[in-house]
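Chain identifiers are assigned alphabetically (A, B, ...) following the order of the sequence lines, protein sequences preceding nucleic acid strands; residue numbering begins at 1 within each chain.
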Amino acid sequence: MLDVTYHNLLESPPEDEATAWSDLLAVLYLDRSFGERAIDREAVTSYLVTDRENQGSIYSAVARARENARGLRDRISTELWEAINRFYLDLGRPDLETMVVHRPYEVFRTVKSQCQLISGVASQTMPRDEGYRFIVLGWMLERAEMTCRLLAVRYAGLNNSETRMGFHAWVSVLKSVSAYEGYLKAHDASLDPTSVLEYLLLDREFPRSVLYCLRTVEDQLNILAGPSQQTAVGRAIGRVRARAEFCEIASIVDDGLDEFLESLQIEIYGVANEVDLHFFKSGTDLQIHSYRSA
Amino acid sequence: MRFDEVYGPDGVRPHYRELMDRLESLGVDDLADRFGLLDSFFQTLGITFAVSGDERGRDRTWPMDLVPRIIPSKEWAHIESGLVQRVTTLNRFLDDLYFGSQAALRDGLIPRWLVETSDGYIREAYGVPAPKGSRCVVAGIDIVRDSAGEYRVLEDNLRVPSGISYVLENRVAMTRVLPVAFASHDIRPVDHYGASLARALRSIAPPAVDHPTMAVLTPGVANSAYFEHSFLARQMGVELVEGRDLVVDDHIVYMRTTRGLKRVDVIYRRIGDEFLDPVVFRQDSLLGVPGLLGAARAGTVTLANAIGNGVADDKGVYPFVPALIEYYLGEKPLLPNVNTYLPWEPDQMEMILSRLDHLVVKPVGEAGGHGIVIGSRADEATLQRTADSLKANPRGHIAQDIVDLSTHPTFVGGKLEPRHIDLRPFVLSGDHIEVVPGGLTRVALREGSLIVNSSQGGGSKDTWVLDRHEGGQGAISTR
């Protein structure tokens, strides 16, 4: 998302810049922690990539993933551990901060390819045991929620724009979830906001659509926790998946997209909390913080 | 005296100041680093091409230069109107020729024999309809800048012009490699090309079709422009097909799919006329589709570009385009041609032969810079050979004043050096005409060379058309 926003903005009128950055921070739930600092390209990029104070920065996330992986060395394959550790070491290079300001493309490229490497290594070296299923479960829950969030934030700003820039903005929404080429195939290169919405929410083949993610989560939970109707977590995922499965884009838009997305997110958080209760009983209560009040 | 795009009589031209300052502040080492990054960008994308003469058969990475070419919005507006005017005329002329009353021939604007002796003139294409009269759906018009700084049309490419994928990928590469320089200019985007092309193609579907199925027809993976064919199919979200994927039954074109045959309404074909349909044209062609011309004639499928466009980009027809503009549109041409002399006119032939060392001689049907003789740089033997072939086949050649193409600083051998450039803008004709801002700037990487074709050692530049702020004023404050 950062890569796409960054490079898309280079071709956009300067007046779009601040909005785009604050939208991105909002999508990532980092708008509050970013605080009152001046919003510009350099500040936001550094904050999101290298800032060690920022718990949500790429550096912090990878450092934490590596700490977790270290504690789970017996559960994950050596190849997976090495991939994660390598990524962590790459991000530790001393000139990363200057790199990200002056030549961000190289940093973005490394981050993306390392993430792809890690998910590929996981899927090719991990037995399909509980550990692997929890990895997939986590990916898919987070991805479903993130796509909702992205749509909520971006759609609000773009709904009314039929301009040339509107076109480029929709392209950037699609590209930021690697959906551009898939969308074009499905829709003959006509970029219509409702179709974009439908594709990212309800498509059955695109592996990042909300519906696809929810179906995968349900599949994993059926195996991890048993038949869905017998457990609270199973009922929670069944409800939200069915809701996405059987709704139509036209009625979502008519009835209010914001409300729909927000309630979907609340339900996804509900699933995450039920997962926690069912398997870990840590009692962490995850809550959505509304982008609308931000 | 040649025209340099960046350096004028008073130093750096205003619209280049911001860029040149920034490049200078980066320093040569940093530039060299970024140049390496460009190379790896194109390698990762797999944009390479074979160079003739490399016996080891290695592919070379697409050579894009680090220094972009900038066109101020006012200059672009002029180029754009000139292109719209020219392509509108060429569409009218071709439709007149292949579907109308051939009024331009009847009224003597251009000699009938000249048209009928053109290799690009396809008699069999007479009567094939072109919805909206749009025959040059994708046109690439080559423009050069002469020593006075005037933009002139050097040639028209109306058959299967290529290069647009490089325009789009150059832009992506540029934003990756020089993001900060890029951000300090207000540059018109180009990445809507796929959508615009799809819209143009959709608008010329056979009249009764509401939701046309479109496809890109390629000669196959061995073709040097295959990258572009697949790129465009991907950008439009349509199928990329080869001749063997299509069948014609009862004048209707279908493509084979895993679920049976699917009707196709619009074909963006990147195969030359003579290979399109072995029933009518070359019978040994394995690339084409038997019966395709019949289907096009029946109007059940639209081919883009239309068949037979080669007659209008024949270099022997080129000198008549300005008159055609006045004839069809009643307007003065906005973009002049390069001064051209016609060897088939006896008095002009005499003049050509006497001044051969001051002229450039081109074969009328070739593309890619092949067969061109630049008189001032040719040796005696070459001049003699050229004179002989002129006399043997006057209709096969034209002669032109040598245009000393404008130069542009280019990153060569670790420093900035002036190199000659041209420009190929792309023009789309559907229900209206749309010009993609900028186009492909090609650069002759060899010192002093006037030949910019990539098959002959040419490179390319990202081309920035400025939107509003002329002086490249730093709209976003940053280091």
Who are the side-chain contact (heavy atoms from CB on, under 4.5 Å) partners of B/V241, not counting sequence neighbours?
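Once residues adjacent in sequence are excluded, the partners of B/V241 under the side-chain contact (heavy atoms from CB on, under 4.5 Å) criterion are B/A215, B/L217, B/E239, B/D245, B/L246, B/M255.
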Sequence-distant partners of A/T19, side-chain contact (heavy atoms from CB on, under 4.5 Å), two or more places apart
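For A/T19 the side-chain contact (heavy atoms from CB on, under 4.5 Å) partners, ignoring immediate neighbours, are A/D23.
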Would you mind checking which part of A/Y180 comes under 4.5 Å of any heavy atom in chain B, side chain (CB onward), backbone (N, CA, C, O), both or neither?
side chain
Is chain A contacted by the side chain of B/T213, its backbone, both, or neither, given a heavy-atom distance below 4.5 Å?
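When you check distances to chain A, no heavy atom of B/T213 falls under 4.5 Å.
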Of the backbone (N, CA, C, O) and the side chain (C-beta and beyond), which part of B/R171 lies under 4.5 Å from a heavy atom of chain A, both, or neither?
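For B/R171, the contact with chain A is made by the side chain alone.
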Taking atom [atom1] of [X] as the centre, does the number of heavy atoms from other residues, nucleotides or ligands within less than 6.0 Å exceed 12?
| X | atom1 | answer |
| --- | --- | --- |
| B/Q43 | CD | yes |
| B/D29 | CG | no |
| A/F206 | CZ | yes |

Run the side chain to side chain contact (heavy atoms under 4.5 Å, CB included) test on B/V180 and A/R41 for me, step by step, so that the C-alpha distance in whole Å, both residues' side-chain angles and the decisive distance to 0.1 Å come before the verdict.
CA-CA 10 Å; B/V180 179; A/R41 183 174 57 227; 4.2 Å; yes
Got B/R176 and A/L10 here, is their nearest side-chain heavy-atom distance under 4.5 Å?
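No, too far: nothing below the 4.5 Å cut-off.
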Are any non-hydrogen side-chain atoms of A/R103 and B/D30 less than 4.5 angstrom apart?
yes
Could you grab the distance from atom CG of B/D33 to atom CD of A/E106, nearest 0.5 Å is fine?
8.0 Å
Mind checking the CG-CZ spacing from A/L184 to B/R234? Nearest 0.5 Å is all I need.
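Rounded to the nearest 0.5 Å, the CG-CZ separation comes out at 10.0 Å.
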Tell me, out of B/V238, B/L37, B/T44, who's got the most heavy-atom pairs with chain A below 4.5 Å.
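Answer, by heavy-atom pair count under 4.5 Å with chain A: B/L37.
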Looking only at heavy atoms and a cut-off of under 4.5 Å, which of B/V177, B/D191, B/L197 has the most pairs with chain A?
B/D191
May I ask you to name which of A/F108, A/Y6, A/Y105 has the most heavy-atom pairs under 4.5 Å with chain B?
A/Y105
